[in-house]
Protein chains: 2
Amino acid sequence: MSDFDSGIPSRLKSYREKVSDSLESYLGSKKGKTYDMVNYHLGFNGEGSDGNLQGKAIRSSLALYATEALGGDPNEALPAALSLELIHNFSLVHDDIQDDDRTRRGRPTVQYKWSPDQAINAGDALKDLSLLVMLDLSRDGESGKTLEALAALSEYSLRMIQGQVLDLDYMERRDVDIDSYLEMISAKTCALLEGAFHLGGIYSSAGEDELEKLISFGRYLGYVYQIRDDWLGIWGQPEESGKSALSDIEEKKRSFPVVYALQGGHGEELTRLKELYYSEGKLGEDKIEEVKEILEEIDASKKTNEWAEKYWNHAVRELHETGMADWAKTELKEFGSFLLTRKQ
Amino acid sequence: MSDFDSGIPSRLKSYREKVSDSLESYLGSKKGKTYDMVNYHLGFNGEGSDGNLQGKAIRSSLALYATEALGGDPNEALPAALSLELIHNFSLVHDDIQDDDRTRRGRPTVQYKWSPDQAINAGDALKDLSLLVMLDLSRDGESGKTLEALAALSEYSLRMIQGQVLDLDYMERRDVDIDSYLEMISAKTCALLEGAFHLGGIYSSAGEDELEKLISFGRYLGYVYQIRDDWLGIWGQPEESGKSALSDIEEKKRSFPVVYALQGGHGEELTRLKELYYSEGKLGEDKIEEVKEILEEIDASKKTNEWAEKYWNHAVRELHETGMADWAKTELKEFGSFLLTRKQ
């Protein structure tokens, strides 16, 4: 069992299985090169596949979990949750092209196994399938809710893309501070987590006020998730995260520790860090080590975790204001504590 | 006035203006880098922009035109038609990356003006906007029709992507014949034209049988359009088509004249054509000329036009079976004759 599995409430894990099984039964047997790429990426076929959905399916599981915790019927929310999962996966396939990543979840990426051009198509197909799974499987549902969920998901998906645009943009800019970093991850990462709780609200008929609290909880959870992810990108163990070691530094990503150091550092360390990050091209191995040393001098590891904790405290405040059942509040609090210290 | 403008029925032209104005008012004033790219591509801002939608908007105009010709209300179909237009445009932005095209409609492509990575995002954003424009603008419409149109558009969009997958795949294969070519363009090109007439059917409440005729007309129109497009890619005037001269040959695209020649040619010409097309890398200038000479030897120019005519005859047969008004049948027949001989 992976570290991440051990930190997930068991009810969330069972929803993840439901998502995996439902997607496999919707997509797994479809044929042709487009579906080969799609099913390979999802983990339903090809080398290293065990027939289950790869990845944590955290967003879709949370959507079903929230629906139950709010007194709704998770089966009614299932098509929208599957849609959310495919939206997330379409973004991963395109992200792997943009980051030139060779592996994802320990397997060759679509762009590396086929080609970047075909990976563009595979991501595009996943996007259309995110709609089709929703429309096909919710034919018996209330069309008002289906349209509401579709509109919400499209808004979140667009915001996620706007976050990707900023993320790429930041790598060429010299003025990225913590505020602009938060603006970027609020779009890139938080949007789909807000979407998960928003769906929970739609399928439990939550009112406007409660929807806002749910969305806000999703947003803070997204901050915690991404800031810790950025920490792991530098101080995590590569064999555990499944990412290549230190690629965030190599690519000069404006991840939280770096943004913190560029804003909060001073003296020689700051000057040298700027020299390294504002240079052309990727950073070589010795320079990656140098960046790590500078970040440690500036105390960026500890501060990064402190910022994640700060947002987790915000999240807990919102959580208590939602109408989720007590068992869910308790489990989500444990889940949050786990996210703050997760190793992968 | 361009050659294409002169061949379009005036009613179709006025729908094109409606599409342009509606999209401009929905998107034109939105801010941020994502919208900058989107609006630049559409022609609403940036260098070489006159504030109008670039491109022929043929699919969306035909959807509105068909709705009117079938006795429906084009205003009711407008959100779906705009959605169709944005789906087409999302595919163009991604296609320009895959084909490494530097110009589109006489202006730098998004991938060239920003970067291929950002163009992936711009295309993705256009895809989400294709949904949002539909959902935002059809809030007062019948939700049943909205869901029906969304499902149809998603199916066509997915088929278009499957066509793109085949198109890229074919460039690495040696067994592409006319049948497999038709399978590819039926997906890549015909899908969205089928979609245009399908939308006309949805918004005029056509029955199942009539829908089939409409879709079938759209498909044959797609064959005609693409086969002539392939002809133009070799024998068209670059200043008129807006494409770089002979890039189809340079890239060794399996366009109709080439597929015809590979299947129908023989002797020395065929051997040499295979040598050229089954080699690695792009073709240089002298080899492009050689390919042109071989194609002329094999009579591929004339045969290409004959195939387009054959499909136009099929189209006309279907057209007569649809319930479109007589004025529309007459105009669409003129339009078809124009498509067969268009210069751009």
Side-chain angles (χ1 to χ4, degrees), chain A residues 32-37 87 90-91 93-95 97-100 114-136 138-139 142-144 146-148 150-169 171-172 187, chain B residues 32-37 87 90-91 93-95 97-100 114-136 138-139 142-144 146-148 150-169 171-172 187:
Chain A
K33 185 159 180 170
T34 304
Y35 285 111
D36 287 348
M37 294 192 286
I87 290 172
F90 118 75
S91 80
V93 173
H94 283 181
D95 196 51
I97 307 170
Q98 292 161 331
D99 291 349
D100 197 16
W114 282 273
S115 69
D117 287 342
Q118 288 292 24
I120 292 176
N121 291 327
D124 290 344
L126 276 160
K127 188 71 211 299
D128 274 317
L129 289 165
S130 79
L131 272 161
L132 287 166
V133 73
M134 171 106 184
L135 295 166
D136 284 346
S138 61
R139 289 200 194 277
E142 283 175 46
S143 59
T146 303
L147 287 169
E148 192 184 346
L150 272 174
L153 287 172
S154 308
E155 292 277 6
Y156 290 119
S157 175
L158 179 59
R159 246 182 69 208
M160 173 188 68
I161 291 156
Q162 291 173 302
Q164 291 280 87
V165 170
L166 287 182
D167 197 15
L168 293 181
D169 202 30
M171 286 197 274
E172 287 157 18
Chain B
K33 185 159 178 169
T34 305
Y35 286 111
D36 286 349
M37 294 191 287
I87 290 172
F90 118 75
S91 80
V93 173
H94 283 181
D95 196 50
I97 306 170
Q98 293 161 331
D99 291 349
D100 197 17
W114 282 273
S115 69
D117 287 342
Q118 288 291 23
I120 292 176
N121 291 326
D124 290 344
L126 276 159
K127 187 73 211 300
D128 273 318
L129 289 165
S130 80
L131 272 162
L132 287 165
V133 74
M134 170 105 184
L135 294 167
D136 284 347
S138 60
R139 288 199 195 279
E142 282 176 47
S143 58
T146 303
L147 287 169
E148 192 184 347
L150 272 174
L153 287 171
S154 308
E155 292 278 6
Y156 291 118
S157 175
L158 179 60
R159 245 182 70 207
M160 172 187 68
I161 291 156
Q162 291 172 303
Q164 290 280 87
V165 169
L166 287 183
D167 197 15
L168 292 182
D169 203 30
M171 285 197 275
E172 286 157 20

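The chains referred to below are lettered A, B, ... by the order of the sequence lines, with proteins before strands, and numbering in each begins at 1.
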Student: Would you mind telling me which of Leu129(B), Leu147(B), Asp99(B) has the largest number of heavy-atom pairs within less than 4.5 Å of chain A?
Tutor: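 Ranked by heavy-atom pairs under 4.5 Å with chain A, first place is Leu147(B).
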Student: Where on Ile87(A) is there a heavy atom nearer than 4.5 Å to chain B: the side chain, the backbone, both, or neither?
Tutor: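 No part of Ile87(A) comes within 4.5 Å of chain B.
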Student: If I take atom NZ from residue Lys33(B) and atom CG from residue Leu168(A), how far apart are they, to the nearest 0.5 angstrom?
Tutor: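 Rounded to the nearest 0.5 Å, the NZ-CG separation comes out at 8.0 Å.
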Student: Which atoms of Thr146(A) are under 4.5 Å from chain B, going by heavy atoms: the side chain, the backbone, both sets, or neither?
Tutor: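 The answer is the side chain of Thr146(A).
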Student: Could you tell me the separation between the CG atom of Asp128(B) and the CD atom of Gln162(A), rounded to the nearest 0.5 Å?
Tutor: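 CD of Gln162(A) is found 9.5 Å from CG of Asp128(B).
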Student: Can you name the closest pair of heavy atoms from Leu132(A) and Ala151(B) and give their distance?
Tutor: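 Heavy atoms only, the tightest pair is CD2-O, 3.9 Å.
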Student: Which value, rounded to the nearest 0.5 Å, describes the distance between Leu158(B) atom CG and Lys127(A) atom NZ?
Tutor: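 One finds 13.0 Å between CG of Leu158(B) and NZ of Lys127(A).
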Student: If you count heavy-atom pairs under 4.5 Å between each of Ile97(B), Leu166(B), Val165(B) and chain A, which one has the most?
Tutor: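 Of Ile97(B), Leu166(B), Val165(B), Val165(B) has the most heavy-atom pairs under 4.5 Å with chain A.
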Student: Checking heavy atoms, do the side chain of Met134(B), its backbone, both or neither come under 4.5 Å from chain A?
Tutor: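 For Met134(B), neither part sits under 4.5 Å from chain A.
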Student: Of all of Met160(B), Met37(B), Arg139(B), Gln164(B), which one pairs up most often with chain A through heavy atoms under 4.5 Å apart?
Tutor: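 Most heavy-atom pairs under 4.5 Å with chain A: Gln164(B).
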Student: By a 4.5 Å heavy-atom criterion (distance strictly below it), what part of Asp169(A) contacts chain B: side chain, backbone, both, or neither?
Tutor: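 Contact with chain B is through both the backbone and side chain of Asp169(A).
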Student: Write down the atom of His94(A), the atom of Ile120(B), and the distance for their closest heavy-atom approach.
Tutor: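 Smallest heavy-atom distance, with atoms named: ND1-CG2, 3.4 Å.
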Student: Pick whichever of Thr34(B), Leu135(B), Asn121(B), Leu153(B) has the most heavy-atom pairs under 4.5 Å with chain A.
Tutor: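 Ranked by contacts with chain A, first place is Asn121(B).
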Student: For Ser154(A) and Leu131(B), work out which heavy atoms get closest and say how close.
Tutor: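 Looking at all heavy atoms of both residues, the closest pair is OG-CD1, 3.5 Å.
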